[in-house]
Amino acid sequence: MAQLTDDCFAFGGPLMTIEDAVALITGRLPAIEACETIPLIDADGRIAADDLTARIDLPPFRNSAVDGYAVRHADLAPAGETRLPLRGRLAAGASAEALTARGAAVRIFTGAPMPGDADTVFMQEDVRLEHDHVVLPAGLKPGANSRPAGEDLASGGLAIPAGRRLTPQDLALAAATGHREIRVRRRLRVALFSTGNELSEPGTDLNPGAIHDSNRVMLAALLRRLGVEVDDLGILRDDAGTLIAHIARAAASHDLILTSGGVSTGEEDHVKAAVEAAGRLVLWRLAIKPGRPVAMGVVGGTPFVGLPGNPVAAYVTLLFVVRPLLAQLGGGRYTPPLGVPVRAAFAYRKKTGRREFVRICLRRCDDGTVEAVKFARDGAGIITSLTGSDGLAELPDDATGVQAGDTILFHPHAALW
């Protein structure tokens, strides 16, 4: 569990930009140190603890890139066709040690090792067979269709950098370069709970004035997609003693405490006071819409983040504020999501001085270009604006709005997980 000093987040300025918030996060939080070695087949989504280097050349030997005929380029006529006898056959997995291509052509298949003196491969569809000979056309360059050893990655080269969140592609590269295990950081343990007297568990009958708790389900799913272990602590009621006790208990055995709701400035928002009683809290007034009421603090050396209660605001702040925190705590490298430029098919006004994330649907125009359409309803509590949209448009802090035809940055939902 990462241990923090009570003043590591101390900040008393005006609204913070996302960049300032992320810099504060990544600059002050120590990463967990615990690591483990696991099989590659179980490592998807984990954080590489060390640089992983190639144990062998990839590919480990010269081989053919096509089905065809391997020859020495020096045996080819300088002009016109070349007729060579056939000598031997090489399939993938065979040994080429006993074969020579000197003065002859060797039948070879994709992935098979090249005979030691062969340097060029003719594609089978480009040659003509005449009994036990092949007729080769002129014009093929030396080395054509032959893959050298180490073409992809040389032995000792960096295959996976430390801090990388492992993907299926990374695991393929690790396996191909001679590894079957990898050392990774321990998964983060996140305590998650919702707050509010109005909340009921999903699927239960609702009393008057009650709503089902949707945030906890959504946040738990997002956290798991981001590679952390989630300890679901359920719904906590708006009672100071209960909140203080649960927050302090969670701090003792988790790497992060994450809540939704109760962190604004209303009389019924009790989480702020509970965290201040159990530790230290600095209320971040982020320059972001939706999601301005985000709270961060430290309880017993464990970081605490309180997200807004509105579902869309909780979604946005988890992905753009909490995600870099998770990367830092977990020993990973955080790279801000790279928006895709698309053409806006809507007009929209916004205030300067804050980043806005607008829910967007994409459509293809008659000219083949893709344009963005704003989702019809944009309230922070409209969950269907998340399920019915393709992603989020990111509008810069200094922008005053969008006009139809403007280029905007678009983040597909799936690219943010």
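Please read all numbers here as calculations on a predicted model, not as lab measurements.
Closest of all the heavy-atom pairs between P303 and L329 is CG-CD1, 4.0 Å. Here the closest heavy-atom approach between residue D170 and residue I160 is recorded as O-CD1, 3.6 Å. Scanning both residues, L219 and S260, for their nearest heavy atoms gives CD1-CB, 4.0 Å. Residues L243 and V271 come closest through the heavy atom pair CD1-N, 4.3 Å. Closest approach of N215 and A314 over heavy atoms only: ND2-CB, 4.0 Å. Considering all non-hydrogen atoms of both residues, A101 and D117 come closest at N-OD1, 2.8 Å.
Using a distance-only test at 3.5 Å, with no hydrogens or angles considered, a donor-acceptor pair links the side chain of N197 to the main chain of D238. The closest donor-acceptor contact from the side chain of D51 to the backbone of A162 lies under 3.5 Å. Looking at R55, its side chain never comes within 3.5 Å of a backbone N or O of A174 through a donor-acceptor pair. In this structure a side-chain-to-backbone donor-acceptor pair under 3.5 Å is missing from N310 to A313. R185 places a side-chain N or O within 3.5 Å of a backbone atom of I32 that can act as its donor or acceptor partner. Judged by distance alone, the side chain of H254 and the main-chain N or O of L192 form no donor-acceptor pair under 3.5 Å. For D232 (side chain) and G234 (main-chain N/O), a donor-acceptor pair under 3.5 Å exists by modelled atom type. Side-chain atoms of T120 come within 3.5 Å of backbone N or O of G143 as a donor-acceptor pair. Distance alone, capped at 3.5 Å, is enough to place a donor-acceptor pair between the K350 side chain and the P396 backbone. A donor-acceptor pair under 3.5 Å is absent between the side-chain atoms of K374 and the main chain of D378, judged by distance alone.
Under the 4.5 Å side-chain criterion, counting only non-hydrogen atoms from C-beta, R359 is not in contact with V316. T352 has its side chain out of reach of D398: every pair of non-hydrogen atoms, C-beta onward, lies at least 4.5 Å apart. Between L52 and H179, the closest side-chain pair of non-hydrogen atoms falls below 4.5 Å. Taking the side chain as every heavy atom from C-beta outward, D119 and S146 never approach each other to under 4.5 Å. Here the side chains of Y334 and L325 are not in contact, with every heavy-atom distance at 4.5 Å or above. In this structure, L86 and Y69 have side chains that are in contact, with non-hydrogen atoms separated by less than 4.5 Å. No side-chain heavy atom of F109 sits under 4.5 Å from any side-chain heavy atom of S64. Put simply, the side chain of R107 does not reach to within 4.5 Å of the side chain of V134, judged on heavy atoms.
Between Y315 and H413, the ring-plane angle classifies as perpendicular under the 30° and 60° cut-offs.
A salt bridge links R183 to D50: one of the charged nitrogens lies within less than 4.0 Å of a carboxylate oxygen. The pair D231-R189 fails the salt-bridge criterion, with no side-chain N (NZ, NE, NH1 or NH2) lying under 4.0 Å from an Asp/Glu carboxylate O. By the 4.0 Å N-to-carboxylate-O rule, R186 lies too far from E36 to be salt-bridged with it.
Distance CD/E356 to OH/Y348: 3.5 Å, rounded to 0.5 Å. The CD1 atom of I235 sits 10.0 Å away from the NE2 atom of H212 when rounded to the nearest 0.5 Å. Here the CZ-CH2 distance, from R225 to W417, works out to 4.5 Å after rounding to the nearest 0.5 Å. Separation of atoms CG (D255) and CG (L188) is listed at 5.0 Å; rounding is to 0.5 Å. The structure places CD1 of I383 at 7.0 Å from CE of M218, a figure rounded to the nearest 0.5 Å. If you take CD on E151 and CG on L153, they are separated by 11.5 Å, rounding to the nearest 0.5 Å.
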Stepwise side chain to side chain contact (heavy atoms under 4.5 Å, CB included) check, E371 with R363: CA-CA 6 Å; E371 64 180 15; R363 68 185 182 194; 2.6 Å; yes
field: Derivation of the side chain to side chain contact (heavy atoms under 4.5 Å, CB included) call for T110 and R147
entry: CA-CA 10 Å; T110 303; R147 298 184 290 212; 4.1 Å; yes
message: Go through it in stages, so that I can follow the logic: the residues are F375 and L386, the test is side chain to side chain contact (heavy atoms under 4.5 Å, CB included), and I'd like the CA-CA distance, side-chain angles, deciding distance and then a yes or no.
response: CA-CA 9 Å; F375 195 83; L386 294 176; over 6 Å; no
- request: Could you go through the side chain to side chain contact (heavy atoms under 4.5 Å, CB included) check for F357 and L319 one step at a time?
  value: CA-CA 11 Å; F357 294 89; L319 293 174; over 6 Å; no
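Taking a 6.0 Å sphere around CG of D205, one finds it holds 12 or fewer heavy atoms contributed by other residues, nucleotides or ligands. By the neighbour-count criterion of 12 heavy atoms within 6.0 Å, atom CG of L206 is densely surrounded, having more than that number from other residues, nucleotides or ligands. More than 12 heavy atoms of other shown residues, nucleotides or ligands fall within 6.0 angstrom of atom CD in E125.
Screening V358, D390, L392 against F410 for a side-chain contact (heavy atoms from CB on, under 4.5 Å) leaves a single residue, D390.
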